[in-house]
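In what follows, a structure is listed as structure tokens, so that the remarks can point back to it.
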Amino acid sequence: MADTRDIEVTVNGKSHTANVETRTSLGDFLRHGLGLTGTHMGCEHGVCGACTVMVDGEAVRSCLMLAVQANGQEVTTVEGLADEDGTLHPLQEAFWKHHGLQCGFCTPGMLTSLAAFLRDNPDPSEREVREAISGNICRCTGYQGIVDAALDAAKTMQGS
Amino acid sequence: MVVRYLGAEVQRMEDPRLLTGHGRYVDDITMAGMLEAAFLRAPLAHAKIRSIDTSRAEALEGVHRVFTHADFGEKYSHRMNQLYPAPVIEQNKTQYPLAKDEVCFVGETVAVVVADSRAIAEDALALIDVDYEALPAVVDIRTALEDGAPLAHADATSNLMGKMRSKFGDIEDAFGKADHVFSAGFMQHRGGCHSMETRGVIAKDDPWGDGLTLWTSAQSPYLIRRALATWLGESEERIRVVAPDVGGGFGPKAGFYPEEIAICLVARLMETPVKWIEDRREHFVSTTTQRDQYWDLEVACTSEGKILGLRGNITHENGAYIPYGILLPNSSLTPLPGAYSIAAIDVGVDIVFTNTIANSPVRGAGRPCGIYAVERMIQLVSRKLGIDPAEVRRRNYVRPDQMPYETGATLRGGAKCVYDSGDYEALLEKALELSDYNSFKERQATARAEGRYLGIGVSSCIEDTGMGPYEGTTVRVESSGKVAVRTGAASQGQGHHTMIAMLVAENLGVSPEDIMFESADTSKFPHGVGTIGSRVAANVGPSAFDAAKKVREKALKLAAEVLEASEADLDIEDGVVRVNGAPDLSITLGELAIQLSPASALRVPAGFDPLLEATSYDGSSGSPIACGSNVAEVEVDPGTGEVKVLRYSVAHDCGVMINPMIVHGQIVGGVVHGIGNALFERMIYDDQGQPLTMNYGEYLLPLASEMPRVDVTHMETPSPLNSLGVKGAGEGGTIPAAAAIVAAIENALEEFSVEIDYYPVDPQYLTELIDKGAAQAAE
Amino acid sequence: MKPVPFTYHDPATPEEAVALLAEHEDAKVLAGGQSLMPMLNMRFVVPDHVIDLNGVAGISGVTDTGSALEIGAMTRQRDLMRDAAVVAKTPIIPEALENVGHFQTRNRGTIGGSLCHLDPSAELPCLMAAYDGVLTAHGPDGARDIPFAEWPLAYMIPTLGPDELLTKITVPYWGADHGYGFVEFARRHGDFAMIAVAALLEVEGGTISRAAISIGGADVRPLRLTEAETALVGAAPNAEAFKASAEIARGIDAMSDAYVSSAYRQRLAATLVERALVQAAERASGSA
Amino acid sequence: MQLNNSFIVPADPDTAWKVLLDVPRIAPCMPGAELTEVIGEHKYKGNAKLRVGPVSLTFSGEAEITTIDEANRSATVHAKGNDSKGRGSADADVVFKMTEDGGQTRVDITTELNLTGSIAQYGRASGLIDAIAGQIITDFANNLETEIGVDTAVPAAAAAADSPAAEEPAPAPSNVQNDNSISGISLFFRAIWAMIRGKR
């Protein structure tokens, strides 16, 4: 018999209860348990960063955390970044404006990582941004649009 | 006011969806009754399969079935077809969907488990008992052709897949009259795909309904449909292949894989939808990579550095099977004169089997290798003759007055390689200016005084883009006024939707937001070719533009009748046809569409075909040749061998730019891929054919922290080969990058006389060269 | 890449955790999970039981005892970097932690997890070696202290009994004016270091009075360069002395693998020892 | 990969040869190994345990003496096993050759070892895997000496050159019974030691 647990997790402000197999990663649970497929599994060994979500406000790899470990915690995924009315997060706007995405697969992890990073480092240098996203691999953009977007969003967010 | 989109930096139509987590990649798709699959893969590089026992796996709770080659039955027992037959292929080796009795690389598919979940399917893999008889494996292409070398296939006559040659001009004369002949040997290694989304497949078979449907993370859905139909012996009409959002392709997703057949068969035989998502460890061993080429070249030149001829040989690693014909060795040879007017070339390729995953094109295919080779020889001439590398290039470029310039080489389709347009020297000057090349020596001296080693490297390239035959587009105005645009070309992030919407919007006088774009679904458009070789802009671009133009003409013609005005007085703006000077006289495109698709018993206006629709297959009449010059500035730390890329400057010419923002993104992304090739990415096998770099801590993809800011400037020399004057831009950043980086490293370490003979250049290797150079200098 | 099925346990106290360890033979302890989870996903590690420490009370947080830091084993690397006492008293720790993975992994990764995983290239073992940290393990019979020098048993195997749990790490302070240098070489930011060097110096009146040099990545355990340390004490903190230390580093025994030769590791050790010492000397108040 | 080891047994070749062919007797000399079944005249089933850092492996498989050359006192053993959790396999052809050496017996062991699957696919530990494989052979050799009952065995000169354990300063006292149950820790410690001594 599979080892399972009942968990209660708040995702993007909504509370969910579920019975999960204990070996299931948080990322797989979000994607296949809750249907929140915006979080992407890119390497499942914690290097590519595509699966990054915020747990209790901190950016973490959802492939390196079990769903059962999120019990009682608050998770924010890429689906939770924009306002309820559809207004994009400043980072999303900036990614759009600066061509910070091509295939879009790494984008959710980039956004969640940078949202947490900019909260703690509201006025970063380019170097700091590059190091902040060094745990997020993008094969398409060469990172430049992402870096520009992050720096621009930081300005916007400071102004607001 | 007519809105101009062509040439504007329009923000992408794709992005709001992708930015909010609403992309739809294969693994995001789910359907009732869907089961999940996992493949058992060969753990040995070469072995006979004596027996397979799946009974323990099948007994596991949650496992539905386990298939081996035999379980597919007689009807499905044949090898995959050669998609690109060529006379050069002396031994045609293709895979079975599941290995029959021999495995020829680590990762080859041996069995497939279908279970309630992927996790359970993986549990079952460990319970399949395969009795292998290990056979000797061949891994190193340098020794693979020697007598007595192990054979990659038990029934092969040798490890030679085939030989080919690019030969033109009077090579004997060139070397006979040369003042100097210099030679160099080097290895080029290019890594794998490593799209952030791995491959993935869902198959559903509904024999009494929709037929066989395959959702796959691929670049060429039509090629897959054809290959499936051929292999199954069934009609293409009964097979639908869809590439939904694809998380990067870069070449290896352009082919047809055994898993795509196997999952279709499994779904068919089990009468239920089945999903297989490649995991990252599988990606390393089951998605084709590019890997090794050894080059030995001789260059003949005058004392002034004018290059007269180039000759030599390449040993090209093919891997175990041939999924792409000879595409890769061919595209390594094709660019061989590079941006230069070299009268005589004679370079051969030995294509060699190894017991490793098959080779495939990776961003740029063989072009980065061919260009690297030419640029290395330019660098060699520069060093030997003491002429500035930029100056050697100036003395050798094909000049604008030589265009169209026929190199003598042959393109993949058999056409002659002709450089259509461009000013290579002017482009170089732009790159030099952008990089502050002329003041580099001062920067270098200042840094040297601080104990730092800076170097600069230049590289130029040409790129044959936009290969044919076509990539058609249909534009149809709906009754709502929305415009349906359909094409076959799949996008893996290149922004096709935006680019095509811009072209249609510009012609049709509609807003890009009103364009409903669909692509890469074989049920939506009759035929497409594929997103490879920087070909989409130069093929879909003209067809979309032309189709929209035809729709516009049709709309205006009908509107002229309806509004009783002269066509010349009509204009379309925001989906409404108006008569100039009579603003109240108007009709919407939607109303015109209704007239052309009337309800029952009504008539289509006389002289018109039904539907406000047009399809075009307009493309490029040859391969538009894009070009670029790059300058890399690096710092090398002799203490560690670390190379930092400080600056990177690109001057690029891809003809007319439809959306410069997208072109910029393609160039920068391409450069970083090229820097990855030059410095980081290496897929390593041990001598038994076991892959060693099997995770992203060991296979090193370029990260933001090590990548430089890339400065890009453009020239726009319109291509005469298509209606828009566009050339491809997807690979132009990658192609020249390794040569520029390697030249810059050598320049930085000039005092140690460092000559680099392979890439990716790793720091250990550099310190060995530095220490050797220092020791020699001390003697 | 899904883990094998296992039974999940989430003890609330160290005693419960130890009891579970004693009870279950094939159990893995899950701390921050940034090393174990990849190995579970890849099925390199295939345990029957996983014992999650994230709910265990009393084994996280930093205490400044006045002469040392006492760090709970489950203290996240992020919290260590942000802790005021850590920043003030052992500034080399936050500096070195910048090199540990990426900020997302440091949000989960723990000091205890890293010390138990004991990757040869890991920064925290290298630091603990330099500090002669003391590790406290809880077992069925209570706690015992293990000097870091005795901690690594073999390749990625610490000297922990199968029913013992690392709960606390004690890091004795160096003088308030000590200098520190942490230098490592990895191919990319956050990668496994080929070589990492931690150097601590106390300088009094223009003379080195105390020195510690630890080299990570060369061997399965961090190496203390005691010969160089001894030579430095009493010497002036100058280039000549540091070059001599570098030459000693060049002679270390270093391992090789598919990517990096032993000779290159030795060369790197020489380069980085010198650089770490220069950095440490610049930061030591007594140097000027 | 090929591994070459040799050692001296201070016994005459006839005695050593007999012991070598008595597999149930020598099987426990293989560190972590357990003989579970005799399935043929020269064919056996068994398990072997190994721990590589956090990775604990259990190989189960077969060993067979494939050639016995009485005249030259040479035997070949083919052993292969699969990790019980599907992480790979090990396959070894081991040639033992005995020669008289001043009244004692010199045993040369040539091992052709192939590892497959995920255990073979980790480049950072590749040097280590080599060292471990060598260590297994060396431990086997040491245990064999114990089993033969000669405690005064000394490494041959060639062994010193080839065998990582030869320079081990303080090997744990060889105890065949205990070695059967070790998890590989001591073995690893010695493998590491051998590696850092630069023997691999």
Side-chain angles (χ1 to χ4, degrees), chain A residues 1-2 21 23-24 28 31-32 35-48 50 77-82 86 88-89 91-93 95-99 101-108 111 126-127 129-147, chain B residues 9 11-12 14-25 27-28 30 61-62 117-119 193-198 245-250 277 279-281 491-495 661-662 664-673 675 695-697 701-707 709-710 733:
Chain A
M1 268 307 288
E21 196 177 351
R23 64 164 150 171
T24 305
D28 278 346
R31 289 180 51 75
H32 303 304
L36 292 169
T37 54
T39 298
H40 296 152
M41 310 308 283
C43 75
E44 294 183 276
H45 57 277
V47 187
C48 82
T77 69
V78 68
E79 288 96 337
L81 289 181
L88 295 180
H89 186 283
L91 270 166
Q92 291 170 318
E93 279 289 353
F95 266 61
W96 194 11
K97 180 176 154 197
H98 291 277
H99 195 22
L101 66 158
Q102 289 182 20
C103 81
F105 200 81
C106 74
T107 311
L111 290 169
E126 172 168 351
R127 184 76 243 148
V129 169
R130 285 185 177 271
E131 287 188 6
I133 58 166
S134 65
N136 295 76
I137 301 175
C138 172
R139 187 57 149 167
C140 298
T141 64
Y143 302 104
Q144 197 153 306
I146 296 169
V147 171
Chain B
E9 303 214 327
Q11 287 182 230
R12 298 201 320 168
E14 293 88 340
D15 289 1
R17 200 164 51 79
L18 299 176
L19 283 164
T20 53
H22 296 102
R24 184 66 61 86
Y25 303 86
D27 191 35
D28 302 342
T30 187
E61 190 186 336
S117 72
R118 170 70 184 213
C193 175
H194 303 292
S195 51
M196 286 298 97
E197 184 207 21
T198 55
D245 281 328
V246 174
F250 311 108
I277 301 297
D279 71 30
R280 191 53 71 177
R281 277 180 71 80
S491 172
Q492 306 86 47
Q494 298 90 338
M661 182 186 79
I662 289 176
H664 187 271
Q666 289 295 313
I667 299 295
V668 174
V671 165
V672 164
H673 197 138
I675 296 175
N695 61 66
Y696 282 153
L701 287 166
L703 302 179
S705 41
E706 283 69 40
M707 290 303 112
R709 181 156 281 277
V710 179

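Keep in mind that the numbers below use all heavy atoms, side chains included, and drop hydrogens, waters and symmetry copies. Just so we're on the same page: letters track the sequence lines, and every chain starts at 1.
By number of non-hydrogen pairs under 4.5 angstrom with chain B, the leading residue of A/Glu21, A/Arg23, A/Glu79 is A/Arg23. With chain A as partner, the option from B/Pro16, B/Ser195, B/Gly733, B/Gly249 having the largest number of non-hydrogen pairs under 4.5 angstrom is B/Pro16. Looking only at heavy-atom pairs under 4.5 Å with chain B, the residue among A/Cys48, A/Cys103, A/Ala2, A/Ala82 that has the most is A/Cys103. The candidate with the highest count of non-hydrogen atom pairs below 4.5 Å against chain B, out of A/His40, A/Glu131, A/Glu44, is A/His40. Across B/Gly23, B/Gly21, B/Ala704, B/Gly669, the residue that shares the most heavy-atom pairs under 4.5 angstrom with chain A is B/Ala704. For chain A, the option among B/Glu706, B/Arg118, B/His194, B/Glu197 with the highest count of heavy-atom pairs below 4.5 Å is B/Glu197. Interface check for chain A: of the options B/Ala119, B/Gly62, B/Ser491, the most heavy-atom pairs under 4.5 Å are formed by B/Ala119. Chosen from B/Glu14, B/His673, B/Gln494, B/Arg281, the residue pairing most often with chain A at heavy-atom distances under 4.5 Å is B/His673.
Looking at heavy atoms from C-beta onward, A/Met41 lies out of side-chain contact with B/Arg280 at the 4.5 angstrom threshold. Contact of the B/Asn695 side chain with the A/Val47 side chain is not registered, since no non-hydrogen atoms from C-beta on lie closer than 4.5 Å. Using a 4.5 Å heavy-atom threshold, the side chains of A/Arg127 and B/Ser705 count as touching. Side-chain contact between B/Met707 and A/Arg130 is present, with at least one heavy-atom pair separated by less than 4.5 Å. By the 4.5 Å heavy-atom criterion applied to side chains, A/Thr37 and B/Arg24 are not counted as neighbours. At a threshold of 4.5 Å between non-hydrogen side-chain atoms, the residues A/Lys97 and B/Gln11 count as touching. With a 4.5 Å cut-off on side-chain heavy atoms, B/Pro702 and A/Arg139 count as touching. Residues A/Leu101 and B/Leu18 form a side-chain contact, since some pair of their non-hydrogen atoms from C-beta on lies under 4.5 Å apart.
Interatomic distance, CG of B/Asp15 versus CD of A/Glu93, reported as 10.5 Å (0.5 Å rounding). From A/Cys140, atom SG reaches atom CE of B/Met196 across 8.5 Å, with rounding to the nearest 0.5 Å.
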In sequence, state the C-alpha distance, the side-chain angles, and the governing distance for B/Arg709 and A/Glu126, and then conclude on salt bridge (Lys or Arg N to Asp or Glu O under 4.0 Å). CA-CA 10 Å; B/Arg709 181 156 281 277; A/Glu126 172 168 351; 3.3 Å; yes
Evaluate side chain to side chain contact (heavy atoms under 4.5 Å, CB included) for A/Leu81 paired with B/Thr20, printing each intermediate quantity in order. CA-CA 7 Å; A/Leu81 289 181; B/Thr20 53; over 6 Å; no
Set out, in order, the CA-CA distance, both residues' side-chain angles and the distance that settles side chain to side chain contact (heavy atoms under 4.5 Å, CB included) for B/Asp28 and A/Arg31, then state yes or no. CA-CA 8 Å; B/Asp28 302 342; A/Arg31 289 180 51 75; 2.7 Å; yes
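The parts of A/Phe105 that come within reach of chain B are both its backbone and its side chain, each placing non-hydrogen atoms under 4.5 angstrom from that chain. At a 4.5 Å heavy-atom cutoff, the contact between B/Gln492 and chain A is made by backbone atoms alone. Heavy atoms closer than 4.5 Å to chain A are found in both the backbone and the side chain of B/Gln666. Using a 4.5 Å cut-off between heavy atoms, B/Val246 touches chain A through its backbone atoms (N, CA, C, O) alone. Contacts of B/Ile662 with chain A are made by both backbone and side-chain atoms, with heavy-atom separations under 4.5 Å. Looking at A/His32, only its side chain comes within 4.5 Å of chain B, counting heavy atoms on both sides. Proximity to chain B is limited to the side chain of A/Thr107, based on heavy atoms less than 4.5 angstrom apart.
Residues B/Gly665 and A/Gln102 share a closest heavy-atom pair of O-NE2, 3.0 Å. Closest of all the heavy-atom pairs between A/Ile137 and B/Leu703 is CG1-CD2, 3.7 Å.
A/Trp96 contributes a side-chain N or O that, together with a main-chain N or O of B/Arg12, makes up a donor-acceptor pair within less than 3.5 Å.
Between A/His45 and B/Tyr696, the ring planes lie tilted relative to each other; the angle falls in the 30° to 60° range.
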